[in-house]
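Notes follow once the structure below has been shown.
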Amino acid sequence: EAGVTQFPSHSVIEKGQTVTLRCDPISGHDNLYWYRRVMGKEIKFLLHFVKESKQDESGMPNNRFLAERTGGTYSTLKVQPAELEDSGVYFCASRGPPGYEQYFGPGTRLTVT
Amino acid sequence: QKEVEQNSGPLSVPEGAIASLNCTYSDRGSQSFFWYRQYSGKSPELIMSIYSNGDKEDGRFTAQLNKASQYVSLLIRDSQPSDSATYLCAVNKAGGGNKLTFGTGTQLKVEL
């Protein structure tokens with residue numbers, strides 16, 4: 001069974017530019033989560049999809065972040081325009097029935113210069 | 001006070017010893033508890049989950065949960081150099097769609 005995949009693995013962009021991160025969850029997993037780890041801090045929740053619906057987006061920092069999950073399969077997280085403080089590692093995780101365990105992807109390291 | 005607290009370490013143990021990693025959490029309504037292992041530059045890897053008070057064993061790993069004390073621990077028996085990593089404690093608070101709240105992690109070093 002393939003795990004959670006994320007693309008790209010690294011992205012370096014300038015302040016003000018736009019970046020789109022992609023996550024492909026484990027096949028059959030309805031629940032998809034985005035998390036972020038900034039330097040020296042703990043991993044923090046951003047948002048949660050159940051299929052194509054946003055269940056909880058309480059962790060999204062501001063309206064420069066837009067997440068979508070069209071068709072309930074892969075998800076994208078767009079940052080527009082990027083700011084320096086957006087730098088960090090963005091993780092995606094998926095969870096399927098029946099358990100509570102979340103499985104993480106390899107992450108996308110975003111550097112905003 | 002952080003919602004999930006871990007000692008950042010590093011915790012150094014000799015090869016073959018028992019490593020004990022501890023985590024406390026603040027939300028008394030928390031329901032599910034997880035230990036992830038993260039090697040440098042890699043993704044968090046789920047190694048243990050525990051949902052009820054007591055011990056849960058899986059190979060060399062034992063998770064212990066005490067909800068009254070709001071405390072969860074991970075024991076690694078017969079520690080190996082390959083166990084050297086950062087161990088993340090994650091808690092699923094009540095009524096939250098299973099979003100995880102993480103501690104900052106404890107760095108474990110197993111020395112030859």
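Note on naming: letters A, B, ... go to the chains in the order of the sequence lines (proteins, then strands), and numbering restarts at 1 for each one.
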Has [X] got more than 12 heavy atoms of other residues, nucleotides or ligands less than 6.0 Å from its [atom1]?
{"X": "B:F61", "atom1": "CZ", "answer": "yes"}
{"X": "B:K67", "atom1": "NZ", "answer": "yes"}
{"X": "B:K109", "atom1": "NZ", "answer": "no"}
{"X": "B:K2", "atom1": "NZ", "answer": "no"}

Could you tell me whether the side chain of [Y] reaches within less than 4.5 Å of the side chain of [X], counting heavy atoms only?
{"X": "A:F45", "Y": "B:T101", "answer": "no"}
{"X": "A:R95", "Y": "B:L100", "answer": "no"}
{"X": "A:I43", "Y": "B:L88", "answer": "yes"}

Write down the atom of [X], the atom of [Y], and the distance for their closest heavy-atom approach.
{"X": "A:F91", "Y": "B:P44", "answer": "CE2-CD, 3.6 Å"}
{"X": "A:Q102", "Y": "B:K99", "answer": "NE2-CA, 4.2 Å"}
{"X": "A:E101", "Y": "B:Y51", "answer": "OE2-OH, 2.7 Å"}

Report summary line: Turns out that what part of B:E3 lies under 4.5 Å from chain A's heavy atoms comes down to neither
Report task. Could you give me the CA-CA distance, side-chain angles and deciding distance for A:Q6 and B:S43, then say whether side-chain contact (heavy atoms from CB on, under 4.5 Å) is met? Result -> CA-CA 11 Å; A:Q6 293 185 246; B:S43 62; over 6 Å; no
Report task. Give a yes or no on whether A:Y35 and A:V79 share a hydrophobic cluster (residues Ile, Leu, Val, Met, Phe, Trp, Tyr; joining criterion: side-chain heavy atoms under 4.5 Å apart). Result -> no
Query raised in the report: Would you say A:Y100's side chain and B:N92's backbone share a donor-acceptor pair under 3.5 angstrom?
Result: no
